[in-house]
Amino acid sequence: QVQLVESGGGSVQSGGSLRLSCQASGYTVNSGCMAWFRQVPGKERERIARIGRNPTPTYANDVEGRFTISRDNAKNTLYLQMDSLKPEDTAIYYCAAARRGSPHFSECGGYWGQGTQVTVIP
């Protein structure tokens, strides 16, 4: 079975940085799409970044220029580097993936991690 395990969340001051990691098993990180989502209580889930076989990533407008998605094939791990963090970035962050041919491929929401909390202190 596919397992995605996030780590690296925590509390950081405004303007600071965090790097989230997503360790994948039962899934090869360069075999389909992978993405990061975030969700604030009472608000809809938002896709932050996506990367597919073509390594050119796609970002949400409100994180463009501040967040960077990447993957390490040797470690089978997805990363999200978050810089210049703002209080509005506070959310639960989820790693997600989908295989090519899956109906979830475009969204990249076929498989999910359990999430990691990021809190940005003003």
Side-chain angles (χ1 to χ4, degrees):
Q1 63 180 24
V2 174
Q3 289 187 315
L4 304 174
V5 181
E6 301 99 333
S7 62
S11 297
V12 63
Q13 292 183 320
S14 295
S17 297
L18 285 174
R19 189 177 75 159
L20 305 183
S21 298
C22 173
Q23 177 67 52
S25 60
Y27 183 91
T28 303
V29 297
N30 67 347
S31 66
C33 68
M34 297 199 77
W36 289 97
F37 291 76
R38 67 185 181 187
Q39 188 166 29
V40 177
K43 298 187 68 176
E44 65 182 1
R45 185 177 59 202
E46 176 188 24
R47 193 174 75 189
I48 302 303
R50 180 188 189 276
I51 187 167
R53 176 176 287 182
N54 186 324
T56 302
T58 301
Y59 297 99
N61 288 340
D62 53 359
V63 307
E64 180 75 41
R66 298 189 298 119
F67 291 9
T68 304
I69 187 171
S70 63
R71 60 193 173 203
D72 186 324
N73 296 336
K75 297 180 179 179
N76 206 35
T77 300
L78 181 76
Y79 300 99
L80 183 68
Q81 177 67 43
M82 303 184 292
D83 298 320
S84 301
L85 283 161
K86 304 174 181 179
E88 52 263 43
D89 294 320
T90 295
I92 300 175
Y93 284 72
Y94 297 91
C95 175
R99 303 187 191 278
R100 287 183 290 115
S102 166
H104 304 290
F105 182 77
S106 292
E107 182 188 11
C108 202
Y111 305 105
W112 297 90
Q114 69 178 27
T116 185
Q117 177 71 45
V118 171
T119 301
V120 183
I121 303 168

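Numbers for residues simply follow the sequence, beginning at 1.
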Going from [atom1] on [X] to [atom2] on [Y], what distance comes out if it is rounded to the nearest 0.5 angstrom?
X     : Y      : atom1 : atom2 : value
Ser70 : Tyr79  : OG    : OH    : 7.5 Å
Cys95 : Gln114 : SG    : CD    : 11.5 Å
Cys22 : Arg71  : SG    : CZ    : 12.5 Å

So which heavy atom on [X] is nearest to which on [Y], and how close?
X      : Y     : answer
Gly110 : Ala98 : N-CB, 4.0 Å
Ala24  : Leu4  : CB-CD2, 3.7 Å
Ser84  : Ser17 : N-OG, 4.4 Å

Criterion side chain to side chain contact (heavy atoms under 4.5 Å, CB included) on Ile69 and Leu78, from CA distance to verdict: CA-CA 7 Å; Ile69 187 171; Leu78 181 76; 3.8 Å; yes

Suppose we screen for side-chain hydrogen bond (donor to acceptor under 3.5 Å, both in side chains). Which residues come up paired with Arg50, at least two apart in sequence or across chains? none

Who passes side-chain hydrogen bond (donor to acceptor under 3.5 Å, both in side chains) against Ser21, sequence neighbours left out? none

May I ask you to decide if [Y]'s main-chain N or O and [X]'s side chain share a donor-acceptor pair within less than 3.5 Å?
X     : Y      : answer
Thr90 : Val120 : yes
Asn76 : Gln23  : no
Arg99 : His104 : no

Is there a path of hydrophobic side-chain contacts, each under 4.5 Å between heavy atoms of I/L/V/M/F/W/Y residues, joining [Y] to [X]?
X      : Y     : result
Ile51  : Val2  : yes
Ile48  : Leu20 : yes
Tyr111 : Val29 : yes
Met34  : Ile92 : no
Leu18  : Val63 : yes

Assess whether side chain to side chain contact (heavy atoms under 4.5 Å, CB included) is satisfied between Arg66 and Tyr59, documenting all intermediate values. CA-CA 10 Å; Arg66 298 189 298 119; Tyr59 297 99; over 6 Å; no

Parallel, tilted or perpendicular: which describes the rings of Tyr94 and Trp112, with under 30° parallel and over 60° perpendicular? perpendicular

Should the pair Lys86-Asp62 be classified as a salt bridge under the 4.0 Å nitrogen-to-oxygen rule? no

For Asp89 and Arg38: C-alpha separation, side-chain torsions, deciding distance, then whether side chain to side chain contact (heavy atoms under 4.5 Å, CB included) applies. CA-CA 9 Å; Asp89 294 320; Arg38 67 185 181 187; 2.9 Å; yes

Passes side chain to side chain contact (heavy atoms under 4.5 Å, CB included), Phe67 versus Leu85? Steps please. CA-CA 9 Å; Phe67 291 9; Leu85 283 161; 3.9 Å; yes

If you count heavy atoms of other groups shown closer than 6.0 angstrom to CD of Gln13, is the number above 12? no

Atom CD of Gln117: over 12 foreign heavy atoms under 6.0 Å: yes

Sort out for me which residue in Gln39, Met82, Glu6 forms a side chain to side chain contact (heavy atoms under 4.5 Å, CB included) with Tyr93. Met82

